[in-house]
There are 2 protein chains.
Amino acid sequence: MNSEAVSKKIYIEIVKKIRMMIDEDGLKPGDKIPSERELSERLQVGRSSVREALRAIELLGLIETRRGEGTFLRDARGNQMVQLLSTFILQDQKAVKDLKDTIQFIEMDCLRVILQRNNDHKIAHYRQTVEVLDDVSDDEFFLKMMELANNHLLYRIWVVLNDFYRSVDLKKEASSKPAYLAVLDALMAGEEKEVIEKYKRLRKLL
Amino acid sequence: MNSEAVSKKIYIEIVKKIRMMIDEDGLKPGDKIPSERELSERLQVGRSSVREALRAIELLGLIETRRGEGTFLRDARGNQMVQLLSTFILQDQKAVKDLKDTIQFIEMDCLRVILQRNNDHKIAHYRQTVEVLDDVSDDEFFLKMMELANNHLLYRIWVVLNDFYRSVDLKKEASSKPAYLAVLDALMAGEEKEVIEKYKRLRKLL
DNA sequence: ATCCGCAAGTGGTCTGACCACGCTGTATAT
DNA sequence: ATATACAGCGTGGTCAGACCACTTGCGGAT
């Protein structure tokens with residue numbers, strides 16, 4: 001009933017139509033979508049209804065609007081969503097601990113997935129890259145791990161949680177290069193137990 | 001720059017003020033928030049700007065508005081958000097597999113957390129509850145596991161992903177009661193390896 | 001070639017009007 | 001005393017129109 005009521009709202013219909021339009025036109029992040037006035041005309045709805053729809057998906061981080069320029073598609077990396085959700089959800093200190101724990105679980109899951117992927121050559125290749133670095137960026141390291149895992153959803157969850165972690169302005173400790181290399185070596189050895197142990201050492205959980 | 005521009009938008013400021021208002025008034029899910037016209041007056045902004053803000057957080061699933069009745073706070077279970085995000089993010093069949101895999105990872109993580117909690121008595125208590133059931137609801141079972149884990153973020157991620165899974169209308173297989181009981185027994189035994197093995201049998205991954 | 005002004009198109013905010021719905025209180029009928 | 005109907009009020013929903021601020025592109029002047 002309630003969800004039916006919501007789905008009957010014009011702004012929801014507009015969001016759906018915008019979505020279809022993006023699909024049909026094959027728009028990619030960075031591309032411009034039709035202007036408010038054009039959407040209003042095309043969809044035969046009021047401009048303020050169009051604006052309501054656009055505001056909604058802008059807050060989701062799906063588009064961005066720039067005065068005088070237009071409305072652009074963006075990666076579905078909801079930094080605004082993260083910020084706003086944080087104020088509703090993250091309301092106590094315990095949640096910060098949960099956040100940290102959860103990020104670590106996602107990271108360990110990611111490593112387990114990599115083990116299943118059997119792509120030693122890619123890991124080895126990345127190891128060479130890491131070896132010549134002076135410092136290893138923790139974010140870049142795990143971004144690469146997410147890529148190697150090839151599970152888009154884990155990647156997305158990790159990005160959202162990580163951005164969130166950043167937004168509550170908690171400084172994440174960087175670890176030493178040998179610790180990152182140890183994780184990569186364990187991945188290539190293929191032993192899950194070893195991988196998790198090295199990860200825990202990286203995160204100083206042991 | 002872009003995020004600065006966004007944060008300067010009136011509707012974003014309105015969202016923030018609504019958030020603060022909810023906090024200060026101690027509003028809970030189900031409670032009514034001030035009407036559009038009242039918010040417009042109180043915040044000294046146009047009603048359409050208020051509506052833009054409300055539309056945005058309604059789409060996030062944080063509030064719901066009912067014509068003739070008002071605007072109500074709801075659990076931050078973004079079913080609409082899930083639906084809409086799905087059309088932007090879940091665009092291929094591989095993602096469905098990722099979704100399933102990720103839910104399973106979250107569930108295993110949850111079980112690992114429970115192992116750390118050392119609450120055998122609660123597990124035992126729940127086991128008694130399960131034993132007298134004819135059928136075990138998979139959702140209820142894992143909802144209970146999430147509760148026992150006491151990690152609100154894992155719980156939230158699981159709920160969102162699970163709702164999402166449901167929304168793409170994939171039927172999740174229910175398992176037999178002995179399988180659920182086996183997981184609970186392994187939890188009480190305290191052996192992580194055993195727990196994960198039983199879980200995998202439950203999910204028919206072995 | 002460069003600079004500047006202007007026009008056009010964009011988004012941002014607002015006011016006001018009107019409609020549809022739901023709730024509540026009151027009047028009326030039984 | 002009770003049930004029903006209706007009016008009023010407050011709510012959300014949609015829209016038109018006005019006006020402002022910003023960006024970009026183009027044409028003309030230097």
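Keep in mind that the numbers below use all heavy atoms, side chains included, and drop hydrogens, waters and symmetry copies. In what follows, chains are A, B, ... by sequence order, proteins preceding strands, each numbered from 1.
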Enquirer: Can you check the A:Glu38 CD to C:dA8 C1' distance for me, whole Å?
Expert: 15 Å
Enquirer: When you measure from the side chain of B:Ile10, which nucleotide among C:dG12, C:dT13, D:dG13 comes out closest?
Expert: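 For B:Ile10, the side-chain atoms sit closest to C:dT13.
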Enquirer: Does any donor atom in the side chain of A:Gln104 or A:Tyr199 lie under 3.5 Å from an acceptor atom in the other side chain?
Expert: no
Enquirer: Expressed as a whole number of angstroms, how long is the span from A:Tyr11:OH to D:dT14:P?
Expert: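 It works out to 9 Å between those atoms.
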Enquirer: Could you tell me if the side chain of A:Phe72 sits less than 4.5 Å from the side chain of A:Thr65, heavy atoms only?
Expert: no
Enquirer: CE/A:Met188 to CG/A:Asn119 distance, rounded to the nearest 0.5 angstrom?
Expert: 11.0 Å
Enquirer: On DNA chain C, nearest-nucleotide positions of A:Arg51 versus A:Gly70: which is more 5'?
Expert: A:Gly70
Enquirer: What is the distance, rounded to the nearest whole Å, between atom CG of B:Leu54 and atom C1' of D:dT11?
Expert: 12 Å
Enquirer: Grab the CZ-P distance between B:Arg55 and C:dG12 for me, whole Å please.
Expert: 18 Å
Enquirer: Going by atom types alone, do B:Lys144 and B:Thr129 pair a side-chain donor with an acceptor below 3.5 Å?
Expert: no
Enquirer: Roughly, in whole Å, what's the span from CD in B:Glu36 to P in C:dC14?
Expert: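 Distance check: B:Glu36 CD to C:dC14 P gives 14 Å.
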Enquirer: Regarding B:Asp138 and B:Arg203, does a basic nitrogen lie under 4.0 Å from an acidic carboxylate oxygen?
Expert: yes
Enquirer: Could you give the CD-to-C1' distance, from A:Glu64 to C:dG12, as a whole number of Å?
Expert: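 Distance check: A:Glu64 CD to C:dG12 C1' gives 16 Å.
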Enquirer: Rounded to whole angstrom units, what separation is found between the CD1 atom of B:Ile33 and the C1' atom of D:dG10?
Expert: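 Atom-to-atom, B:Ile33 to D:dG10, this comes out as 15 Å.
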Enquirer: Could you tell me the separation between the CG atom of B:Leu181 and the CZ atom of B:Arg127, rounded to the nearest 0.5 Å?
Expert: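 Atom-to-atom, B:Leu181:CG and B:Arg127:CZ are 4.5 Å apart.
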Enquirer: B:Glu13 has an atom CD; how far is it from atom P of C:dC14, in whole Å?
Expert: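 Spelled out: CD on B:Glu13 to P on C:dC14 is 12 Å.
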Enquirer: At under 4.0 Å between heavy atoms, how does the protein contact nucleotides 15-22 of chain C? Give one character per nucleotide, 5' to 3', with B, S or -.
Expert: B-BB-BBS
